[in-house]
Structures are given as C-alpha cells and as structure tokens.
2 protein chains.
Amino acid sequence: MNIGDVATRSGLPAKTIRYYEEIGLIKPARDANGYRAFAEADLHRLAFLARARALGFTIEDCRTLLDLYNDPDRASADVKHVAEEHLARIDDKIAQLRGMRDTLADLVQACHGDARPDCPILKDLGAGA
Amino acid sequence: MNIGDVATRSGLPAKTIRYYEEIGLIKPARDANGYRAFAEADLHRLAFLARARALGFTIEDCRTLLDLYNDPDRASADVKHVAEEHLARIDDKIAQLRGMRDTLADLVQACHGDARPDCPILKDLGAGA
DNA sequence: GCTTGACCTTCCAGTGACGGGAAGGCCTAT
DNA sequence: ATAGGCCTTCCCGTCACTGGAAGGTCAAGC
C-alpha cells in the first residue's frame, strides 16, 4: 500500500501520516523507489491513532497508549490512569469554556446590536480601568 | 511606569506585554534609556486585552474590539457580531469536548483498572481494524 | 519513445499566543 | 566598586499539524 491508499483507508491526511512517521509513531517499510510500503499492521496503528486523536488524547498519550496496546503484560490500571487524566483535562477545559460562554451570552444578550454606539460588551471589557 | 509595574497591575506577564507591543496592540512611549514608559492609557488598553483574552477572544478579535472601543461612532451591531461569532465557536468547542468526554467517561467506567491486561479502552481504540 | 498527469519524495516555513533563556545594558543601595 | 534587580533584544521551542516548492516515479495513451 502506498501512502495515498492508507490515507484514504485511515481517514488521515498523507501529511499527517508522514508526520507520524517522523516522530516515530509508525515505521513503514520502503520500496526500492523510496515510496513508503504500508503493511496492514501499519494501517492498524494509524486507525488506532486516528481514534485516539479523535478522543483528544495528545500525541504523547497516543505513544503511551500504543505501547500499552502492544504490551500483552500491561495492567489495565495504567491505561485507565492515562484516560482519567485526560478526562480530567477535558472536564477542566469544558468548565473554563462554560464560564466564558455564560459571561459572553449575558453580554451578547444585553447588547442592542443596532447602529448606536452604546454597548455593554465594550463597557464590560473596558471596565477594568 | 516600567513594564514590571504594568505587569503587576494588569496581571499580564511582562513577556506578554512585550508581545502585544510587537504585534501592534499597544504602543508605549520610551524613556531615554530605552525602557518602555507606560501611561495610564496603555494600562487601560492592557486591562481591556486581559479581559477580552480571558473571555477567549482571539488576538485578531481583540484588535477589532479595541478599534471599536476607541471609535465613538461605532455601531453596537458590529461589536455584537464579533461576540456572537466567538460565542458560536465556543459552543462548537464545548459540543466537541462533550462528545469526547461522554465517550471517554464510558470507557473509563468500563475499565477495571487493575493488574490484568484486559481493557475496554484499548479495545475501543483498536477496534477500527 | 514521448508526453501527460497523478502519484510519491524531502525540505522549509508558518500557524497562535506566547514562554524560556541567553547576553548584555541600566539603576539603586551599600 | 560591587551586588542584585530591573530592563533590553534576539532566538528557539511549544503542539500537531498544514501549505507549498522542487523534484523523482509510474502507468496510460499517442
């Protein structure tokens, strides 16, 4: 399989696949002409990465998870630990965004949004001085 | 005021303040020795920026908002428009994170987290092949 | 055999919004 | 004179890619 086929089948851009090789997440073989020659196992790893990235895991998390995935003697506790930390980061992020969202929604609500210059949004932003 | 005082009073790191000058958000005067000499108006702009950034506005949004803030002939509709677009971006982000969070929470819930290798998290991630 | 076009390769630069750290100048107090 | 705490600029690193240039390869059609 060339990179184009793998890109199609994994849903990842070719650029991203090359990047993953560069940082050592995959190590596809090479044909005589220098083209990358992907095996099914490479595709499997890429599918794993695509799924993990879609869940928001960092690249370093992905590296750890792939190692655990390929270690038959892993402890599920190690996997769970990585996932729980990530979950906590996501919860923090959501809470932060919700805070912003609520404030913003109030301000937008209060703004007439017409041709006049009076604006509670700007008033709020400039209130610190 | 030197940059250290302004950093303390605005809550922004000195590095950030220098960066804001570099990208043209503020234009503090200079003393004869080359030190930045901040006026109250500069501090006011920085407080505005700190507040806008805390609400998640991008730097480019901040530039626009500052321009509107300093334009007595602005239309509040323009401000509201910027804020509404930002609000929509935040809502998208929250929805995306909530999707991740729900899936992750299910997986974490299902994982025993003990010394055994069986792990629904890894099973899910590897399920694509 | 030649051209065309779709592949593939590497390398370099840019993204957003800073942060770290080096090398060096300035200012105040002792 | 020296110490230390400011300040300056400059350059590199972050994260996970993305875009684009310059050039090699391959299969199809004429």
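Quick note on labels: first sequence line is chain A, next is B, and so on, each numbered from 1. These numbers come from a predicted model, not from an experiment.
- Residue B:Y35 places a side-chain atom within donor-acceptor reach of the base of C:dG25, judged by atom type and a 3.5 Å distance cut-off alone.
- Looking at heavy atoms from C-beta onward, B:M1 lies out of side-chain contact with B:D42 at the 4.5 angstrom threshold.
- Rounded to whole Å, the distance from CG on A:L55 to C1' on D:dA16 is 17 Å.
- Using a 4.0 Å heavy-atom distance criterion, B:I23 is classed as making no nucleic acid contact.
- Nearest-nucleotide positions on DNA chain D for B:K15 and B:N2 put B:N2 closer to the 5' end.
- A straight line from OH of B:Y19 to P of D:dT8 spans 18 Å, rounded to a whole angstrom.
- Note: CD1 (B:I26) to C1' (C:dC18) measures 14 Å, nearest angstrom.
- Residue B:N33 places no side-chain N or O under 4.0 Å from the OP1 or OP2 atom of D:dT8.
- As a whole-Å value, the separation of A:D31 CG from C:dT9 P is 9 Å.
- In this model, the phosphate group of C:dA17 is not approached by any side-chain N or O of B:T16 to a distance below 4.0 Å at OP1 or OP2.
- C:dA17 atom P lies 14 Å from atom CD of B:E22, rounded to whole Å.
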ask   = What's the verdict on side chain to side chain donor-acceptor pair (under 3.5 Å) for B:D118 and A:S76, showing C-alpha distance, side-chain angles and the deciding distance?
value = CA-CA 6 Å; B:D118 306 289; A:S76 64; over 6 Å; no
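- At least one side-chain nitrogen or oxygen of B:R36 sits closer than 4.0 Å to the OP1 or OP2 atom of D:dT8.
- Each of A:A37 and B:P13 lies near DNA chain C, and the nucleotide nearest A:A37 is the one positioned closer to the 5' end.
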query = Between B:E21 and B:K27, is a side chain to side chain contact (heavy atoms under 4.5 Å, CB included) present by the stated rule, with each step listed?
reply = CA-CA 6 Å; B:E21 183 190 18; B:K27 302 194 203 315; 5.9 Å; no
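- In this structure, the CG atom of B:L46 is 16 Å from the P atom of C:dA17, given to the nearest Å.
- In terms of phosphate contacts, B:R30 brings a side-chain nitrogen or oxygen within less than 4.0 Å of OP1 or OP2 of D:dT9.
- Contact annotation for B:Y20: backbone-only contact, meaning every heavy-atom pair under 4.0 Å involves sugar-phosphate atoms and none involves a base.
- A straight line from CZ of B:R18 to C1' of D:dC6 spans 10 Å, rounded to a whole angstrom.
- Taking atom CD on A:E21 and atom P on D:dC17, their separation rounds to 15 Å, with Å as the unit.
- Using a 4.0 Å cut-off between charged side-chain N and carboxylate O, A:R116 and B:D73 make no salt bridge.
- A:L125 places none of its side-chain heavy atoms less than 4.5 Å from the side chain of B:L66.
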